[in-house]
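One structure below.
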Amino acid sequence: MSYVLLRHRDIPNLKQLDVYVENGGFQAFRKAVTEMQPDEVTGQVKISGLRGRGGAGFPTGLKWSFIDNNNWPHYVVANADESEPGTFKDRELMEENPYQFLEGLAIASYAVKAHTAYVYLRGEFWQVAHFLDACIAEMEKAGYLGDNLFGTDYSLRIYTHLGAGAYICGEETALLESLEGNRGQPRLRPPFPPSYGLYGKPTIVNNVETLTNVPLIIEHGGEWYRTFGTEKSPGVKLFSLSGNVAKPGNYELPLGTTFRELIFTHGGGIPNGRSIKAIMPAGASSSVLPATDEVLDTPMDYESVRTVGSDLGSASVIVIDDSFGMDWVINKTLHFFKHESCGKCTPCREGTYWMMNISDRLTQGRATQADIDLLESVARQIRGKSLCALGEFSTMAVVTSIERFRDDFEAKTRTEEAEG
Amino acid sequence: MNRLLAQYPQKVKDILAKYPPEHKRSAVMPLLYLAQGDKMHITRQDLVDVGEICGMTETEVESIVGFYTLYYEEPGGKFRIQVCTDLPCALRGADEFYAGLCERLGVEDGGTTDDGLITVEQVKCLAACHRAPMLQVQSGHGLDYHENLTVDLAMEIIEGLRQAAQAEEKEAQA
């Protein structure tokens, strides 16, 4: 199968405008603008079954159809704030196949009748932002952005905007707040961005990978995209594979590929003579899965991963070998979430602090048996009590590690009692 | 006199052009990067200048500086060496790499070298998990990624930064 997203691996220099155009680039955007009504574009994306690749998996075409047509202007914002530990797929797309992403953003803008689109990049993607600025300038020069595109009255401009180091800005309403020049703190939802988004105007926020799928869907039709993946999770997905594997990296595979195929066939298995212990399928926010045969043979699609007790999320598969204790693993994730909690909701702000504190005691061998239950109790009390998913995310690995790898935690307290 | 308007009139104009004229506040983050510039921290006067351009009070601008980690209120090294030690990097030896780097530079976690050139610190995930250990260098010239590192390779990069800084200084004197 040839690539849908990582086409730069098949076509050298695809990041140059002329090479992209020679390989069919901007034909889909031209077709959309000159031959299709905006609703028809949304219709094809609906048929494709494309679901948001940022983690939530919400149907993309459905999201576009929610745009409020009684309130103008409309905006589209590409979420390029990729910050989930274990996720590095959008960066490769923007660095190596930038025009396909920008074309997808342009098509999405046409579909919801937006004339201005922003790419919100995390501050650390400074180089990527400057590269995209150059790509956007090339597109303007070649007549793919600007006024009267393809001889029609449709006009579109795209701008980049750099964040400055805040994981929370990957949450779409926090991202919009940040783009408006505020602290990146989430809004109460509803209203959702398609009715109340940037500057209070109807706005579609889509992940970079989601948008990069769009040109080929418009070119080949929605039905074509459904030939990949499963019935309920159609299409291809980028899997960011990291941790204790021989060949970490991005792998484009149909949804429904098993963990075993990703980790052992593509990723080359576990190095240093170690064996696989656990998998985090959705980065640091994952519920941790013990690497049993049942889990390894589970297809990686949105529904199947849920049946074994986790989520596919952004498909950032972190592999953990048997030399690591899960108490240490969650100590790492808790330091992350404590640092990244935006401070708006008390359960998340205080809860991440206390979970980190108890977890520090555990990894340093200063905890008692009761601390394990205390940690779990704090985690469970955060759930369902914050505006956005970050609070929830911070507890996933904690609760599931204690539940599924309790021995790792008890071993730490036993050492203490024996020495004490 | 507004330093940013005086020193970078075109850049300020380009930044403002990205946003609707009635939403100048959106320009606060790019303006703060511009203000931070080579000196790698934001002064009280910068807060006033940025606020004046985008219609915010000094306090409102400061709340932005305080919220986002890539802006600094205190002076640090000319170059900030930022090592990711989050879970995926740590599974590939980032903690040991970071400790080794601090030792070779003779600084504590978060410290600055005696010559004031290099601050070394741990940061959160940088979306480079498959090429750990890795670091980014933040300076007035932007941000650069360096991946698949050993302590020796990182020291070579730092040596390169030192030489570049010395050359720049000589040029400034001449």
Side-chain angles (χ1 to χ4, degrees), chain A residues 73 82-91 116 118 122-127 130 157 159-167 169 178-185 198-199 240-245 247-250 280 283-284 316 318-321 324 328-329 332-333 335-336 339-340 342-343, chain B residues 14-15 17-20 22-33 36 50 54-56 60-61 63-72 82 84-95 122-132 134 136 138-139 141-145 147-148:
Chain A
E82 182 165 63
S83 317
E84 176 73 41
T87 314
F88 42 86
K89 62 192 180 60
D90 297 340
R91 185 181 150 212
T116 305
Y118 291 98
R122 59 177 302 177
E124 291 82 355
F125 286 172
W126 186 88
Q127 284 175 320
H130 283 259
R157 282 181 173 76
Y159 303 103
T160 59
H161 181 99
L162 269 179
Y167 167 78
C169 290
S178 178
L179 186 47
E180 290 183 6
N182 301 316
R183 281 170 291 161
Q185 294 184 316
L198 183 63
Y199 309 128
S240 292
L241 181 63
S242 69
N244 305 125
V245 282
K247 291 186 282 182
N250 285 317
M280 299 181 79
S316 324
I318 305 174
V319 176
I320 297 155
D321 77 26
F324 294 92
W328 174 85
V329 168
K332 278 285 177 190
T333 66
H335 275 260
F336 175 79
H339 183 268
E340 298 297 345
C342 81
Chain B
D14 291 346
I15 289 170
K18 289 181 166 190
Y19 312 99
E22 67 274 27
H23 295 291
K24 284 201 175 77
R25 189 181 170 123
S26 281
V28 64
M29 293 175 74
L31 288 172
L32 282 171
Y33 279 122
Q36 181 159 276
V50 169
C54 52
M56 295 166 73
E60 285 175 316
V61 179
S63 79
I64 302 296
V65 174
F67 186 85
Y68 296 97
T69 57
L70 291 175
Y71 302 126
Y72 306 97
Q82 301 170 330
C84 173
T85 52
D86 258 329
L87 177 64
C89 281
L91 287 167
R92 300 177 68 79
D95 285 332
Q122 303 181 63
V123 294
K124 300 301 163 197
C125 186
L126 296 173
C129 321
H130 54 325
R131 298 179 190 144
M134 62 82 61
Q136 70 178 3
Q138 189 188 4
S139 71
H141 302 295
L143 278 159
D144 292 304
Y145 274 45
E147 303 172 306
N148 293 320

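So you know, we letter chains A, B, ... as the sequences are listed, proteins then strands, and number each from 1. Quick caveat: nothing in here was measured; it's all calculated off a predicted structure.
- Using a 4.5 Å cut-off between heavy atoms, B:Tyr33 contacts chain A through its side chain alone, with no backbone atom that close.
- Between atom OG of residue B:Ser26 and atom NE2 of residue A:His161 there is a gap of 6.5 Å, rounded to the nearest 0.5 Å.
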Could you give me the CA-CA distance, side-chain angles and deciding distance for B:Gln82 and A:Glu124, then say whether side chain to side chain contact (heavy atoms under 4.5 Å, CB included) is met?
-> CA-CA 11 Å; B:Gln82 301 170 330; A:Glu124 291 82 355; 6.0 Å; no
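- When each of A:Pro85, A:Gly283, A:Ala164, A:Ser178 is scored by its heavy-atom pairs under 4.5 Å with chain B, the top score falls to A:Ala164.
- Heavy-atom distances place both the backbone and the side chain of B:Asp144 under 4.5 Å from chain A.
- Contact detail for A:Glu82 and A:Thr87: the closest heavy-atom pair is OE2-CG2, 3.2 Å.
- Residue B:Arg92 holds its CZ atom at 10.0 Å from SG of B:Cys129, rounded to the nearest 0.5 Å.
- Aromatic rings from A:Tyr199 and B:His23 are positioned such that their centres are separated by under 6.0 Å.
- Per-residue counts of heavy-atom pairs under 4.5 Å with chain B were compared for A:Cys342, A:Pro73, A:Ser242, A:Gly165; the largest is that of A:Gly165.
- Heavy atoms closer than 4.5 Å to chain B are found nowhere in A:His130, neither backbone nor side chain.
- If you measure heavy-atom distances from A:Arg157 to chain B, you find no contacts under 4.5 Å at all.
- The candidate with the highest count of non-hydrogen atom pairs below 4.5 Å against chain A, out of B:Cys125, B:Ala132, B:Cys54, B:Cys89, is B:Cys125.
- In this structure, the side-chain contact (heavy atoms from CB on, under 4.5 Å) partners of A:Thr333, at least two apart in sequence or on a different chain, are A:Met280, A:Ala284, A:Ile330, A:Phe337, A:Ala397, B:Leu87.
- Per-residue heavy-atom pair counts under 4.5 Å with chain A were compared for B:Tyr71, B:Tyr19, B:Tyr145, B:Phe67, and the maximum is reached by B:Phe67.
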Should A:Lys332 and B:Asp95 be marked as a salt bridge (charged side-chain N to carboxylate O under 4.0 Å, His left out) after you check the CA-CA gap, both sets of side-chain angles, and the distance that decides it?
-> CA-CA 11 Å; A:Lys332 278 285 177 190; B:Asp95 285 332; 3.0 Å; yes
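- Of the atoms belonging to B:Ala17, it is backbone heavy atoms, and not side-chain ones, that fall under 4.5 Å from chain A.
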